[in-house]
Amino acid sequence: MNVRRSAAALAAAGVLAAASPALAASPSPSPSTVLPSGLYGDTDPTYDGVWRQSLALLAQHTASVTPAAKAVDWLTGQQCANGAFAAFRAEPARACDAKVMVDSNSTAAAVQALSALGGHEGATGKAVTWLKSVQNKDGGWSYAPGGASDANSTGVVIGALAAAGERPAEVTKGGRSPYDALLKLALPCTGEGAGAFAYQPDKKGVLTANADATAAAVVGALSAGFDAKPGESGKSSNGSGTGCAASAPLTAEQAAANGAGYLAKAVAADGHLTSALAGAPEQPDYGNTADAVVALAAQGGADRAAKPLAWLEQNAAAWAKQSGPAAYAQLVFAAHATGADPRDFGGTDLVRALNATGPAPQPAKTAETTEKAAKDDGGSGTNVWWMVGTGLAAGAGIGFLLSSRRKQQL
């Protein structure tokens with residue numbers, strides 16, 4: 001996803017410096033890293049293992065795919081006893097100590113994935129409790145506990161709280177909610193970057209527009225997550241479908257509309273966002289463009305994201321293939337938010353490509369297998385009731401306890 005919501009950028013820094021300006025490569029596995037069999041992706045998971053696994057599982061869920069049990073087990077096995085997740089733990093059997101660098105982003109991503117899959121209330125409950133314990137006094141979150149709140153981390157945590165059944169507005173610290181933290185990072189409707197969000201204030205307290213932070217903040221302000229659905233078409237802060245609400249104080253929805261307006265302008269010319277490495281020319285930013293598609297669609301409906309979505313369909317396949325499961329997941333989320341078909345995304349089957357990066361998902365239930373199961377259950381049920389009837393007729397008065405099939409745990 002973006003470099004501030006995943007520490008993977010630290011691992012990729014050396015690779016990015018030497019990569020082609022058109023397409024940056026993902027980091028290669030470290031020779032000392034043994035990749036777990038349940039993990040998606042074949043690059044070093046040190047900085048993004050839980051992040052990419054969570055996105056992959058959630059993306060599969062949005063595409064009606066049941067993930068492999070060992071893939072889900074790998075994710076739940078990464079959780080520390082206090083509920084937090086680190087980016088990656090090579091030895092999950094060892095208890096977490098102060099040296100294990102847990103973070104809000106990995107934890108929130110895992111909560112979103114496990115909440116969607118269902119059946120993991122214990123794990124998600126502990127994770128949410130931990131997230132609440134490291135909430136800042138301004139109502140927001142930083143990547144690492146104790147740091148200043150940022151728009152990206154606060155946005156992804158809001159998505160996790162909502163996914164787990166919490167009401168983010170009621171998760172407060174010092175009387176301030178996560179929305180209060182986001183609103184402090186919203187730029188006014190005048191000047192450069194009007195309506196956008198900043199990642200964090202600089203040392204002088206100045207806010208600078210950041211497209212990536214804006215996409216995360218828009219989704220968070222709408223209480224949505226990575227798997228956001230299309231919002232109301234044409235909805236904006238002032239009812240016209242465009243413009244920037246300058247009223248004070250802003251509501252979270254108004255700030256989201258303002259941020260979406262900023263993103264719409266940013267992608268209007270070329271259909272994509274851009275990024276530039278130090279000393280390198282500007283280049284398309286595939287991941288952040290995918291995030292922008294989700295934000296635009298979640299705030300103003302699928303039509304508002306049509307241009308960047310079309311650009312992704314035409315240009316993002318090679319990027320996703322090189323970047324791995326998290327990239328495929330981002331594109332699946334973009335398709336999901338706009339109602340596009342992730343199995344025919346510009347000619348690419350994103351779901352099949354994502355599935356191929358890790359353990360094969362559980363077989364889909366077909367009409368034939370469902371019908372066969374129903375017949376089998378029917379036959380077995382008939383035999384059971386015949387036995388019950390026979391016993392009653394004999395006057396034995398014997399009851400039968402029928403055991404139901406165990407629910408398969410993901």
Side-chain angles (χ1 to χ4, degrees), residues 1 5 50-51 53-55 57-59 61-62 72 75-76 78-86 102-147 149-185 197 213 215-229 231 251-256 259 294-295 298-299 333 336-337 410:
M1 190 134 309
R5 276 181 280 169
V50 167
W51 180 265
Q53 189 82 348
S54 299
L55 267 62
L57 299 180
L58 182 56
H61 177 76
T62 65
V72 181
L75 180 58
T76 57
Q78 288 286 302
Q79 189 173 31
C80 295
N82 67 355
F85 284 79
V102 295
D103 67 86
S104 66
N105 293 14
S106 298
T107 304
V111 169
Q112 290 197 39
L114 295 175
S115 295
L117 295 176
H120 301 281
E121 289 77 12
T124 58
K126 289 171 60 178
V128 167
T129 297
W130 180 82
L131 287 170
K132 291 179 178 179
S133 74
V134 296
Q135 184 178 16
N136 289 330
K137 291 182 179 179
D138 63 3
W141 284 265
S142 61
Y143 178 84
S149 298
D150 66 77
N152 301 77
S153 299
T154 301
V156 73
V157 172
I158 290 175
L161 294 173
E166 297 279 339
R167 294 183 177 180
E170 298 177 2
V171 178
T172 60
K173 196 69 167 287
R176 298 185 182 277
S177 77
Y179 304 117
D180 292 320
L182 288 182
L183 291 174
K184 285 181 61 178
L185 297 171
F197 285 83
V218 167
V219 173
L222 296 172
S223 301
F226 303 134
D227 58 345
K229 297 178 181 178
T251 66
E253 285 192 353
Q254 287 175 325
V294 174
Q299 193 281 321
F333 297 143
H336 179 71
L410 297 177

Q: Do you know which two heavy atoms are closest between Ala151 and Leu185, and how far apart they sit?
A: N-CD1, 3.5 Å

Q: Can any side-chain N or O of Asn136 pair as donor or acceptor with the backbone N or O of Asp138 at less than 3.5 Å?
A: no

Q: Nearest 0.5 Å please: distance from the OG1 atom of Thr172 over to the NZ atom of Lys132.
A: 9.5 Å

Q: Minimum heavy-atom separation for Leu182 and Phe197, please, with both atom names.
A: O-CE2, 3.3 Å

Q: Looking at Thr124 and Ser115, what are the two nearest heavy atoms and their distance?
A: CG2-OG, 3.6 Å

Q: Quick one: CG on Leu117 to OG1 on Thr76, what's the gap to the nearest 0.5 Å?
A: 10.5 Å

Q: For the residue pair Ser142 / Asp150, report whether a side-chain donor-acceptor contact shorter than 3.5 Å exists.
A: no

Q: Are the side chains of Val157 and Pro178 in touch, meaning some heavy atoms are under 4.5 Å apart?
A: no

Q: Is a donor from one side chain sitting under 3.5 angstrom from an acceptor on the other, for Tyr179 and Thr251?
A: no

Q: Are Val134 and Trp141 side-chain neighbours, meaning at least one heavy-atom pair lies under 4.5 Å?
A: yes

Q: Just how far is it from atom CG of Leu75 to atom OG of Ser106, taken to the nearest 0.5 Å?
A: 10.0 Å

Q: Is there a side-chain contact between Leu114 and Val72 in this structure, where contact means two heavy atoms from C-beta onward sitting under 4.5 Å apart?
A: yes

Q: Could you report the tightest heavy-atom contact between Phe226 and Leu55, atom names first, then the distance?
A: CE1-CD1, 3.7 Å

Q: Got a donor-acceptor contact below 3.5 angstrom from the Gln79 side chain to the Ala123 backbone?
A: yes

Q: So how far is it from Lys229 NZ to Leu222 CG, rounded to the nearest 0.5 Å?
A: 14.5 Å

Q: Supply the atom-to-atom distance Asp180 CG to Ser149 OG, rounded to the nearest 0.5 angstrom.
A: 11.0 Å

Q: Give, for atom CZ of Arg176 and atom NZ of Lys184, the distance between the pair rounded to the nearest 0.5 Å.
A: 6.5 Å

Q: Between Ala160 and Val111, what is the shortest heavy-atom contact and its length?
A: O-CG1, 3.5 Å

Q: Check whether the ring centres of Tyr143 and Trp51 lie less than 6.0 Å apart, and answer yes or no.
A: no

Q: With heavy-atom distances below 4.5 Å as the criterion, would you say the side chains of Phe333 and Leu58 are in contact?
A: yes

Q: Looking at every heavy atom in both Ala295 and Val218, which two are closest together, and how far apart are they?
A: O-CG1, 3.8 Å

Q: Are any side-chain N or O atoms of Gln112 and backbone N or O atoms of Gly225, one a donor and one an acceptor, separated by less than 3.5 Å?
A: no

